[in-house]
Each structure stands twice: as C-alpha cells, then as structure tokens.
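Keep in mind that what you see is a predicted model, and the values were worked out from it rather than measured.
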Number of protein chains: 2
Amino acid sequence: MRTPEELSELFRQRGRKVTPQRQCIFRVLEGNVTHPSAEVVYEAARAEMPTISLKTVYQTLNDLAELGEIQALDLGTGMARFDPNVDGAHHHLVCHECGKVRDLYADLDGLTIGQSDAQGYDVRSAEVVFRGRCEDCRTAEGAGAGASAGSGRRASFRAATTATE
Amino acid sequence: MRTPEELSELFRQRGRKVTPQRQCIFRVLEGNVTHPSAEVVYEAARAEMPTISLKTVYQTLNDLAELGEIQALDLGTGMARFDPNVDGAHHHLVCHECGKVRDLYADLDGLTIGQSDAQGYDVRSAEVVFRGRCEDCRTAEGAGAGASAGSGRRASFRAATTATE
DNA sequence: TGTCAATTAACAATCGTTGGCAATAGAGTG
DNA sequence: CACTCTATTGCCAACGATTGTTAATTGACA
Ligand SMILES: [Mn+2]
Ligand SMILES: [Mn+2]
Ligand SMILES: [Zn+2]
Ligand SMILES: [Zn+2]
C-alpha cells in the first residue's frame, strides 16, 4: 500500500473525494502488519474520529481493495482480514486460537506445480496458510486459569474469539 | 473416510444410533471427491430420501468431522466444503469462478518451515490453495457469451505458478 | 459558492449456519 | 414385543459478517 499522501492523490485522480474519514483509514492501515479485520480498523479509526461509521470503513476498505492497494484475505477466521502488504509475495501464519496473523516470508519455491498437476486449471495464485497456536496462546495455556476447559466449543473452523491483539 | 458399514459400526460404538438418514449421508460421501457443501450433500441425500432435513445433514456432517472421518474445509468459497479424504495429505485447486474443488497430490517440497520462520507458532498444518479457473469455465468463456460487463471481480493476484499458456 | 459525492444514522436484508422447541419416529436393548 | 431414549422433522428465530436502503446532512473540490 502506498502512503496516505499517495493514496489521497490516487483517489483524486480516480474522481473519488479525499475525506478525513478516508485519510484516517489510510493512516490506520499504513504500516499495519496485523492484518486487521474491518471491525478492528473501525475501532482504530474511531479512536481518532469517534463519529466514523462502520459502513464507511467497509466502503473504503473495498475501495482500496478494488484499487489493489490492499488485499482482502479469507484465512478462515470468520471475517475478512485486510493486508496492506501487496508488494512482496508472502504467506501467513494463523493462530487457530486467537486468530492472530503473521506474515511469513520463507522461501517456498516448491510451490509451483506442473501443468500435469494443474488438471486444466489456469492457476493464478498459490496461498499457503500455516496454522498453529501463537506464542501468546501457548504460554497463556501454561498459566492455569482452567475455566476454559473445552466442553462446548469444539473444533469449528469458524471460531470467532475476539482476543486482545 | 471409512466405508458406510464401518461408519455404522463406529457410530454404534460411540453410542450414536445408525439411522437411515445417517446411512444415506454416509453413502453420499463415500468416494465423493467433489468436496461438497452441506447444501450439496443435502440435495444428494434428498434424491434418495426426500424428507431428510438440512438440519440433520449439518448435524451428521459435524458428527463425522468430530470423529475425524471427514474434514471441514474453508476454501474461501463462502460455504464449508466437506472432504471425506482425510488419510492422504493433499492440497486443493479451487476455481474462483464456479467454486469447483479438485485434489492436488503434487509433492510440495518447501512446505516445511524452520523454527526460525515459525515466529513462535506451534505450526500443525500447512494448507495450500491454488486458485484459478477450471477447464470448464475457461472453455465456456471462449464459447461466446462474452458478458465482460456485469461482475466487477478483482484479480490482483500474482502468478506463483508456472504458466500453463 | 454551488454541486454532487460522501457520510451518517438507523435500519432491514443477505447468507451460511446453529439453536430452540414440540411432536413424532424409530434404533437399540432386554 | 415393549420400552426407552436418541434422532428427526418442521418451523422459525438468531447469529455474525457484510451489504443494501433511505433520508438527512456534511463537506470536498471545481
Ligand atoms: Mn500478509
Ligand atoms: Mn481434498
Ligand atoms: Zn494465539
Ligand atoms: Zn470453474
């Protein structure tokens, strides 16, 4: 994603207006490596601009995705995650417990498949998602607080645990 | 996934009853390589058993997933896809146009990452999703019916695989 | 300054999925 | 067979993420 200034210029060129709400969202996303959900972007934006609406956040995120400035990711956490990092090809580590997402820049050149394996598909992208528990969730397990003994919520990939970053 | 007969036995052992509805779903899933959604399983089951309910389908699919006999996949197509193939490690080709899913058994070397790359994550699985257009969708495009307007889909993916054309 | 896009509030609607309930069916057990 | 208890069904509500609607207001930019 470009800088907020460049994005403002880009928006003007495309006939879109540069509103303080959009600029606020640009700033929230700038250098953001947390792959935030729309809700998280909304909360961060509200800290600066309490009257901003969730609808505007969704609208602007979609605008940015259309322009190719961010990428909407479906990592199986139940909500779209938005990635301002669209320049470097990379993959993702996803914590299946808290949903935290980290970039992974490991060299996975073995990812190219031959035409025989493609089974007629015109393959355009290969996404790798590594799943596991993040360090925070692992250490938090050792620290007792056993109230979360797994009775109810089973392994549904839709687990929507709103954890604290 | 085991055979319907073995599944029936397994269900009995676990105290679950073997109903004709469940057996019907077992049969629908047996050897099914299409990665059907719950709705598709429902339709197939209804062909044999018109009064079966969608609720029972969901329930049984969840039961089978809990037992590890099938796997629920989130491939970004909007609905869970169910895979009776849980024995062989494999990956998936997904058509971003029609949602068709095919298994991919190619040997992907670089899929293991070192501990230094894992960033503290306890990595348990690595899923690779290759996205592209399937052969049917590609040939269907060539056959007239241009309709380049209509859906403003974005295609901001980088090619990570060897081009087939 | 004027115009028109953008924002807002307050909703309803969507879609996949789950949950609740009461009535009925039927699988397992003896 | 008879009993019991799970499963199924129908129907409908609810969920959570996202999009749509409408009307009123704001404000960016020419
Ligand atoms: Mn990323
Ligand atoms: Mn598969
Ligand atoms: Zn975590
Ligand atoms: Zn297709």
Side-chain angles (χ1 to χ4, degrees), chain A residues 4 7-26 35-43 45-46 48-66 72-82 99 152-162, chain B residues 4 7-26 35-43 45-46 48-66 72-82 99 151-153:
Chain A
L7 287 179
S8 296
E9 183 54 31
L10 178 66
F11 266 54
R12 284 200 193 88
Q13 287 176 4
R14 301 299 178 106
R16 294 173 154 98
K17 293 184 176 174
V18 177
T19 67
Q21 289 89 346
R22 286 175 172 170
Q23 290 174 300
C24 177
I25 294 170
F26 296 167
H35 306 78
S37 64
E39 201 75 35
V40 168
V41 172
Y42 176 50
E43 292 305 325
R46 266 211 301 191
E48 280 186 50
M49 187 174 285
T51 67
I52 196 172
S53 76
L54 179 58
K55 185 146 227 282
T56 297
V57 171
Y58 271 110
Q59 182 57 52
T60 302
L61 289 173
N62 286 339
D63 287 345
L64 286 169
E66 262 182 41
L73 302 173
D74 183 353
L75 299 172
T77 60
M79 328 151 269
R81 307 289 288 256
F82 296 91
R153 34 175 196 160
R154 276 268 158 217
S156 169
F157 62 75
R158 190 172 274 288
T161 57
T162 38
Chain B
L7 287 179
S8 296
E9 184 54 31
L10 178 65
F11 267 53
R12 282 200 195 89
Q13 285 175 6
R14 302 297 178 109
R16 295 172 153 99
K17 294 184 175 174
V18 177
T19 67
Q21 290 88 347
R22 286 175 172 170
Q23 289 174 302
C24 177
I25 294 170
F26 296 166
H35 306 80
S37 65
E39 201 73 37
V40 168
V41 172
Y42 176 50
E43 292 304 327
R46 267 212 298 191
E48 280 187 51
M49 186 175 286
T51 67
I52 196 172
S53 76
L54 180 57
K55 188 161 228 265
T56 297
V57 171
Y58 271 110
Q59 181 58 51
T60 301
L61 289 172
N62 286 338
D63 287 346
L64 287 169
E66 262 182 40
L73 302 173
D74 184 352
L75 299 172
T77 61
M79 326 150 272
R81 308 289 287 258
F82 296 89
S151 55
R153 305 269 174 272

Participant: Roughly what angle, to 10°, lies between the helix axis at the start of the helix from dT1(C)-dA30(D) to dG30(C)-dC1(D) and the one at its end, five pairs per end?
Facilitator: 40°
Participant: Can you measure Tyr42(A) atom OH to dT8(C) atom P for me and round it to whole angstrom units?
Facilitator: 9 Å
Participant: Can you give one letter per nucleotide of nucleotides 18-30 of chain D, going 5' to 3': B for a protein heavy atom under 4.0 Å from the base, S for sugar-phosphate only, - for none?
Facilitator: SSBB-----BBS-
Participant: Please report the interatomic distance OG(Ser37(B)) to CG(Leu75(B)), rounded to the nearest 0.5 Å.
Facilitator: 11.5 Å
Participant: Heavy atoms only: give me the nearest Val40(B)-Pro36(B) pair and the separation to one decimal.
Facilitator: CG1-CB, 3.6 Å
Participant: Just how far, in rounded Å, is P of dG28(C) from CZ of Arg14(B)?
Facilitator: 16 Å
Participant: To the nearest angstrom, how far is Ile52(A) atom CD1 from dA9(C) atom P?
Facilitator: 10 Å
Participant: Report the C-alpha separation of Tyr42(B) and Glu39(B) in whole Å, then their side-chain angles, then the decisive distance to 0.1 Å, and conclude whether the side chain to side chain contact (heavy atoms under 4.5 Å, CB included) test is met.
Facilitator: CA-CA 5 Å; Tyr42(B) 176 50; Glu39(B) 201 73 37; 3.7 Å; yes
Participant: Measure the distance from CD on Gln21(A) to P on dA5(C) and round it to the nearest whole Å.
Facilitator: 17 Å
Participant: Tell me the interatomic distance from Gln23(A), atom CD, to dA6(C), atom C1', rounded to whole angstroms.
Facilitator: 13 Å
Participant: Quickly work out the Leu73(B) CG to dG16(C) P distance and round it to whole Å.
Facilitator: 17 Å
Participant: Nearest-Å distance, CE (Met49(B)) to P (dG26(C))?
Facilitator: 10 Å
Participant: To the nearest angstrom, how far is Leu61(A) atom CG from dA17(D) atom P?
Facilitator: 15 Å
Participant: Report the distance from atom CG of Leu64(B) to atom CD of Gln59(B), rounding to the nearest 0.5 Å.
Facilitator: 10.0 Å
Participant: Check the phosphate of dT9(D) against Thr56(B), side-chain N and O only, distance under 4.0 Å to OP1 or OP2. Yes or no?
Facilitator: yes
Participant: Given Arg46(B), which of Leu54(B), Ile52(B), Val57(B) fulfils the side-chain contact (heavy atoms from CB on, under 4.5 Å) condition?
Facilitator: Ile52(B)
Participant: Restricting to non-hydrogen atoms, name the atom on Ala38(B) and the atom on Phe82(B) that form the minimum distance, rounded to 0.1 Å.
Facilitator: N-CE1, 3.8 Å
Participant: Only pairs under 3.5 Å count here: list side-chain donor-acceptor contacts from residues 9-21 of chain A, not counting sequence neighbours, and write none if there are none.
Facilitator:
from: Thr19(A); atom 1: OG1; to: Gln21(A); atom 2: OE1; distance (Å): 3.4
from: Thr19(A); atom 1: OG1; to: Arg22(A); atom 2: N; distance (Å): 3.2

Participant: Indicate the atoms forming the closest heavy-atom contact of Gly99(A) with Arg81(A), along with that distance.
Facilitator: O-NH1, 3.0 Å
Participant: Please report the interatomic distance CD(Gln23(A)) to CD1(Ile25(A)), rounded to the nearest 0.5 Å.
Facilitator: 11.0 Å
